[in-house]
Participant: 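Before I ask anything, let me first share the structure, which is written out below as C-alpha cells.
Letters go in sequence order (proteins before strands), and every chain restarts at 1.
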Amino acid sequence: MDESEDVPKDFIKLKSEKLSVDEVSELVISPCCGAVSLFIGTTRNNFQGKKVIHLEYEAYMSMAETEIKKICRDVRQKWPSVKHIAVHHRLGVVPVTEASVIIAISSPHRAESLEAVMYCINTLKASVPIWKKEIYEGEYSWKENKECFWTNSEK
Amino acid sequence: MDESEDVPKDFIKLKSEKLSVDEVSELVISPCCGAVSLFIGTTRNNFQGKKVIHLEYEAYMSMAETEIKKICRDVRQKWPSVKHIAVHHRLGVVPVTEASVIIAISSPHRAESLEAVMYCINTLKASVPIWKKEIYEGEYSWKENKECFWTNSEK
Amino acid sequence: MCSSVAFFSVGRAPLIELAGLRCETLSVPRQITSLQLWEEIVKIHPRLAVIRDQVVFAVQQEYVLLGDQLLVLQPGDEVAIIPPISGG
Amino acid sequence: MCSSVAFFSVGRAPLIELAGLRCETLSVPRQITSLQLWEEIVKIHPRLAVIRDQVVFAVQQEYVLLGDQLLVLQPGDEVAIIPPISGG
C-alpha cells in the first residue's frame with residue numbers, strides 16, 4: 001500500500017455478533033505506523049459478590065454512532081499523528097469473558113495511540129448512549145457508569 | 001472457570017513465527033476481569049525518508065526472558081490487581097505491517113491494565129536485550145532505542 | 001405558537017420500566033426551556049418525577065441538560081429522555 | 001588468584017561486525033572492577049575501544065555498567081558485552 005493512500009479512517013460498528021480482536025486490529029494497522037494500542041472491555045463473572053450470568057447491551061443507535069464519531073474527531077485534534085481508529089461495540093447478550101467493546105488506534109509512535117485509546121474508552125463511557133443490564137441469578141440490574149457526564153457520581 | 005482457579009500468570013514467548021493478536025489476548029482474558037489492554041508494535045515502511053524492506057530481530061534469549069519476567073514482577077508490584085500478563089516478541093525477519101511485539105494485560109478495571117501496558121512496553125524498550133536491524137534497499141542499520149537505559153540518548 | 005415534538009425514552013432501560021414509556025408526541029411551545037419541557041412531560045407521566053436528577057434530553061441527538069437552556073423546537077423534532085449510560 | 005570467564009558479544013549486532021567477536025574465554029583476576037575487565041578485553045580486541053560509551057556488561061545475565069563496581073567472578077562465569085538494545 002502506498003503511504004499516501006493510507007488516509008486516516010474511522011471504523012465504527014455497533015453489532016450483535018461476537019467481536020473479533022484480530023479483525024479490529026487489522027482494520028487500523030498501517031504501513032506507516034509502528035504502534036497499535038487496543039482496549040477490550042470484557043464481561044466479568046461477578047459484581048459485588050453477585051454471580052453475573054451475562055450482560056445485555058442496548059443503544060440509541062444513531063446517536064451512539066454520532067457520539068463515537070465526535071470522540072474520533074476529538075482524538076484527531078488532541079493527537080494529530082493518530083492514523084486509524086476502530087470502535088466496535090457489541091449489543092444484545094454478551095456472555096462472561098466475551099468482549100463488549102474493542103477500541104484500536106494506530107499511530108507512528110506508541111505514546112499517541114496509548115493515550116488516545118485511554119481517552120477514547122473514558123469518553124465513550126461518559127457520553128455514548130449505550131446501556132448495560134447485568135443479569136444475575138433470578139434478578140438483574142441496569143448499570144450506570146460512574147463516568148456518565150451528567151450524573152458523574154464517582155461513587 | 002472458577003475464579004479461585006484463575007491464579008495470575010505470565011506468558012512470555014520469543015519466537016520466529018508470526019504473532020497472533022487473538023492468541024495473545026485469549027491468553028490473558030479472565031472471567032473475573034473486565035479489561036484487557038494491548039500494545040502491538042508493528043514494522044513501519046519508512047525511517048527518516050528511507051524505505052524499510054523489513055526488520056530483523058535477534059535476542060540474548062535466556063537473559064531477555066529473565067528481563068521480561070522482571071518487568072512482570074514490577075508490574076504486579078505497581079498494580080496488584082493485574083491478573084494475567086502476556087509478552088510475545090518475534091525474532092528473525094518481520095515484514096512491514098507485521099507485529100514485532102504484542103503485550104496484553106488483564107485487570108478487573110481498565111485503568112490498571114492500560115497503565116501497566118504502557119509501563120511494560122516502555123520498560124521492555126529500555127532493558128530487554130533484543131536488537132533490531134532495519135533493512136533498506138541496499139543497506140541496513142542497527143537501531144538503538146532512545147529508551148535504552150545505559151545510553152538513554154533521548155535523541 | 002406550538003410545536004409538536006416526538007419524545008421517547010431510549011432503550012428498555014430504567015425509564016421504560018418506570019413509566020411504560022416508549023414513544024409519544026406532545027404539543028409544546030416552540031420556544032421552551034429544557035426544564036419546562038421536562039415538566040410538561042412529567043404532567044403526563046408523573047412517575048417520571050423521581051428520576052429528574054438522573055436524566056438528560058437528547059434533542060435531535062444532541063445532549064441538553066435539564067435547566068434554563070432555551071430550546072427552539074421544530075415540528076417533528078426528536079426529543080429523547082436519556083437515563084444514565086453504561087456502555088463500554 | 002585468577003578466574004577464567006567466558007565473554008562474548010550477543011547478537012550479530014554492532015559488536016560482532018566491529019570486532020568479529022563471538023565467544024572467547026579470558027583469564028582475569030577473580031576480583032576486578034567492571035571497567036578493568038573491559039580494559040582487559042580491549043587489550044585483545046583494540047577495535048572495541050571506540051564503543052566504550054555504548055556498551056554494558058551482563059554478568060551471569062545481570063546488567064553491570066562499566067565503572068568502579070567490583071565483580072567477584074567464578075570460573076566459567078558468563079560475561080556478555082551488550083550493545084544498545086532496540087527491542088519492541
Participant: Is there a donor-acceptor contact under 3.5 Å from the side chain of A/Trp150 to the main chain of C/Asp53?
Facilitator: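 Pair absent, no side-chain N/O of A/Trp150 close to backbone of C/Asp53.
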Participant: In terms of heavy-atom proximity below 4.5 Å to chain C, should A/Phe149 be classed as side chain, backbone, both, or neither?
Facilitator: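 Interface part for A/Phe149: side chain.
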Participant: In terms of heavy-atom pairs under 4.5 Å, which option from A/Ser62, A/Gly41, A/Ala64 contacts chain C the most?
Facilitator: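 Highest number of heavy-atom pairs under 4.5 Å: A/Ser62.
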Participant: For the NZ atom on A/Lys50, are there more than 12 heavy atoms of other groups (residues, nucleotides or ligands in this structure) within a distance under 6.0 Å?
Facilitator: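 It does: A/Lys50 NZ has more than 12 such atoms within range.
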Participant: Which one wins on heavy-atom pair count under 4.5 Å against chain A: C/Ala58, C/Ser86, C/Gly87?
Facilitator: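 Max contact count across the listed options: C/Ser86.
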Participant: Are C/Tyr63 and A/Pro129 packed together at the side-chain level, in the sense that at least one heavy-atom pair is separated by less than 4.5 angstrom?
Facilitator: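 With C-beta onward as the side chain, the pair touches.
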Participant: Against chain C, work out which of A/Val128, A/Leu124, A/Ile103, A/Val101 has the most heavy-atom pairs shorter than 4.5 Å and name it.
Facilitator: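 The candidate making the most pairs under 4.5 Å is A/Val128.
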Participant: Keeping A/Tyr57 on the side-chain end and C/Gly88 on the backbone end, is there a donor-acceptor pair under 3.5 Å?
Facilitator: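 Checked: pair present.
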Participant: For C/Gln54 and A/Thr151, which heavy atoms make the closest approach, and how far apart are they?
Facilitator: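 For C/Gln54 and A/Thr151, the tightest heavy-atom pair comes out as O-CG2, 3.9 Å.
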Participant: So, for A/Cys148 and C/Pro84, which heavy atoms are closest and what is the spacing to 0.1 Å?
Facilitator: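 Closest heavy-atom pair between A/Cys148 and C/Pro84: SG-CA, 3.8 Å.
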Participant: Measure the spacing between CD1 of C/Ile85 and CD of A/Glu144 and express it to the nearest 0.5 Å.
Facilitator: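 C/Ile85 atom CD1 to A/Glu144 atom CD measures 9.5 Å (nearest 0.5 Å).
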Participant: Would the distance check show the side chain of A/Tyr60 and the main-chain N or O of C/Gln61 forming a donor-acceptor pair, the cut-off being under 3.5 Å?
Facilitator: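 No; judged by distance alone, with no hydrogens or angles, the pair does not exist.
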